[in-house]
Structures are given as C-alpha cells and as structure tokens.
Number of protein chains: 2
Amino acid sequence: MERGHIHVPAQCGRIAAILSRIGDKWTVLVVESLGNGPLRFNELRRRIGGISQRMLTLTLRAAERDGFVTRTVFPTIPPRVDYELTPLGRSLREPLHRLGDWALENVETIEESRRRFDGEAEKQAAAPRPQRAVGA
Amino acid sequence: MERGHIHVPAQCGRIAAILSRIGDKWTVLVVESLGNGPLRFNELRRRIGGISQRMLTLTLRAAERDGFVTRTVFPTIPPRVDYELTPLGRSLREPLHRLGDWALENVETIEESRRRFDGEAEKQAAAPRPQRAVGA
DNA sequence: CTGCATCCCTGTTGATACTG
DNA sequence: CAGTATCAACAGGGATGCAG
C-alpha cells in the first residue's frame, strides 16, 4: 500500500476482466482502427487485416454491448453499416496508448528476456544434472 | 492520424499481443499482488485466491520469461521460492494503474450498457418482425 | 454488402495425482 | 512447500454456406 492505490483482489479482478475484454486479440485493433473516424464493416476488416468476418462481427457486437462503439444501419441497397467510437470508446484510447507506448518502449527488452530465458532453458535441458545417474 | 500517434496495424498488433499476455486473466493479479514486495509461491496463491497451482506456475513462468518477475530459489528444506517484481515489472504497474483507474471509473457505465443491450436483445427476440409471415 | 449459423480444430484452463 | 505430468472440459477462433 505504498501509494494511494487500492490493491484489493476484487478490484484487481475487475481490472483483469477489463483487460481480458479489450485485450481479446481484436478489440484493441478495432478501437485503434476506428480512432480516425467511422468505418464500414469491410473497410474495417481490410484495415485490420487477418481477422475473419466472424471474429469481426463478434468483436463488434461485444464492443457495442460494452458501449465502446455504435452501430448505424443505413437501410439502403446494398446495405451499409457504419461503426463509430462512442465517447466511452474514445476515452479508452488514452490509457490504451499509455500501455501501447509502454509496450513499444519495452518490447525489445521483453523479447531479449525471452530469448535469454529460452536459451537458458535449452542449456538446462542439454545438461540434466550429470550427477544422479538414473539407474545407478 | 490526428495526433502524433502511429496507428500502424503492425504496431497495434504488438500492442494487442502485449495486452493478451498481461491480460491473460492472472498476470495482472500477480503483478499487483507482488507490488507490495516479494512473496513466496503459496503466499501469492492465497493472496490471489481462486487460481489453481498449475495456472500460477504457468503464469509465473511466463512472467519470468518476459522479464517481469524474478524467481529466487532457497535450497532449504522445505524449499522456498521467492517471486519479486523486476524494474520492468514495476514499470508496468503505472500504465496498468492508468487502465485500472479507467476501468474502475467506467465499470458501471459499461455494465449498464450491457444490461441495456441485453434488454434490447431480449425485446427483439420477443418480437421477431411481425410482418413477413414465414409461409405466406 | 452485411452478418448469422454450423462444423470443427485448437489452445487454454482446471482437477487430480505424483515427485523432490 | 514447490513444482510437474496427465487427463478432461471448455471457449476461442477459422472456414464455409446461407439469408436479408
């Protein structure tokens, strides 16, 4: 409790839940892609790249449910649907960018740490405690 | 591109990857729980609550691999292992708290949005477009 | 164009039991 | 106490086909 922060497990659980939602592999991409203004379904899809139609639909529905985006249907032929960030969704971009900046700043450190860790693990596997011969 | 931010999909993918890692349901809890100082395995486990031994092990190993925590083994009997945040892990707490504050601030809005959304969905299900009789 | 339903595969999670 | 191994259950996610 060094600072004024809470540290109550229940609150942490809530944070974890939020992170799980927005960190579910596509929501971040959607929020960022919509950061420049509203987009149609397939524009969004092309913009993100690598997302299946199904996942985009599910992600957008979840985001709409959480109040991050609005879904506007134009009853034209062919149909047209615009997705746009709500104020809530836009407010999410700031803390998200914080974390994004942190990630970009530290991604190399993290990847190096991973390489080192994996290298050590390999060496450990190559020399599995010489003493203590299994059958002896 | 309204501000100085990047918005390159590749970068967003990295952010999403980081979010997926740290938002993997337990890492946040671990980081927060270790925020007050080093803890032993089972202390940490009790502190978090609801995490299985296996998941804690996996989460800690991943966190160690990424360089968020250090693992210190005391070769005593019974064995004792301390886990502690690295500077990198501690630096993660700040942007994490940002997002945490955002989550706490907006959790009610989000939950209300969900309730409303689910309520609407229920009404829609109850009135499945009166016109357009299936067989007619 | 948008998006729902279905099938299916995979990764992730958790319970249990066993080792050092 | 700390950690691993194995197995079973579940949800996430992709491909395809159909509908408005």
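For clarity, every value in this text was computed on a predicted model and none was experimentally measured.
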Considering all heavy atoms of both residues, which atom of [X] and which atom of [Y] are nearest to each other, and what is their separation?
X	Y	result
B:Ser33	B:Ile48	OG-CG1, 3.6 Å
B:Trp26	B:Thr59	CB-OG1, 3.5 Å
A:Pro75	A:Val73	CD-O, 3.6 Å

From CZ (B:Arg98) to CG (A:Leu99), nearest 0.5 Å: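 Between B:Arg98 CZ and A:Leu99 CG, I get 11.5 Å after rounding to 0.5 Å.
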Nearest whole angstrom, please: distance from the [atom2] of [N] to the [atom1] of [X].
X	N	atom1	atom2	value
A:Met55	D:dG12	CE	P	8 Å
B:Ile51	C:dG14	CD1	P	8 Å
B:Leu44	D:dA2	CG	P	10 Å
A:Arg54	D:dC18	CZ	P	18 Å
B:Asp24	C:dT13	CG	C1'	11 Å
A:Leu56	D:dA15	CG	P	14 Å
B:Arg45	C:dT13	CZ	C1'	14 Å
A:Arg80	C:dC1	CZ	P	13 Å

Please work out if B:Arg71 contacts a base, only the sugar-phosphate, or nothing of the nucleic acid, heavy-atom cut-off 4.0 Å.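 If one applies the 4.0 Å heavy-atom cut-off, B:Arg71 turns out to touch the sugar-phosphate alone, with no base involved.
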Which part of the nucleic acid, if any, lies within contact of B:Tyr83, taking any heavy atom under 4.0 Å across all strands shown: a base, the sugar-phosphate backbone alone, or nothing?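 Sugar-phosphate only.
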Of A:Leu92, A:Val30, A:Val31, which meets side-chain contact (heavy atoms from CB on, under 4.5 Å) against A:Ile22?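 That would be A:Leu92.
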Passing option when B:Leu19 is tested against A:Leu96, A:Asp24, A:Thr27 for side-chain contact (heavy atoms from CB on, under 4.5 Å):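 With B:Leu19 as partner, side-chain contact (heavy atoms from CB on, under 4.5 Å) holds for just one option, A:Leu96.
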Are any of A:Ser52's side-chain N or O atoms less than 4.0 Å away from OP1 or OP2 of D:dG14?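 So the side-chain polar atoms of A:Ser52 do come within 4.0 Å of the phosphate oxygens OP1 or OP2 of D:dG14, strictly under.
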Out of [options], which has the shortest distance to the side chain of [X]?
X	options	answer
A:Pro79	C:dC4, D:dG20, D:dG3	D:dG20
B:Thr57	D:dC1, D:dT4, D:dG14	D:dT4
A:Lys25	D:dG14, C:dG14, C:dC4	D:dG14

End axis versus end axis in the helix from C:dC1-D:dG20 to C:dG20-D:dC1, the angle rounded to 10°, five pairs used at each terminus: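 It works out to 40° between the end axes.
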In the structure I gave you, are the side-chain heavy atoms of A:Glu32 and A:His97 within less than 4.5 Å of one another anywhere?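 A side-chain contact under 4.5 Å exists here.
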Quick one: does A:Gln53 reach the base of D:dA15 with a side-chain donor-acceptor pair under 3.5 Å?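 Between D:dA15 and A:Gln53, which were checked side chain against base, a qualifying N/O pair under 3.5 Å is absent.
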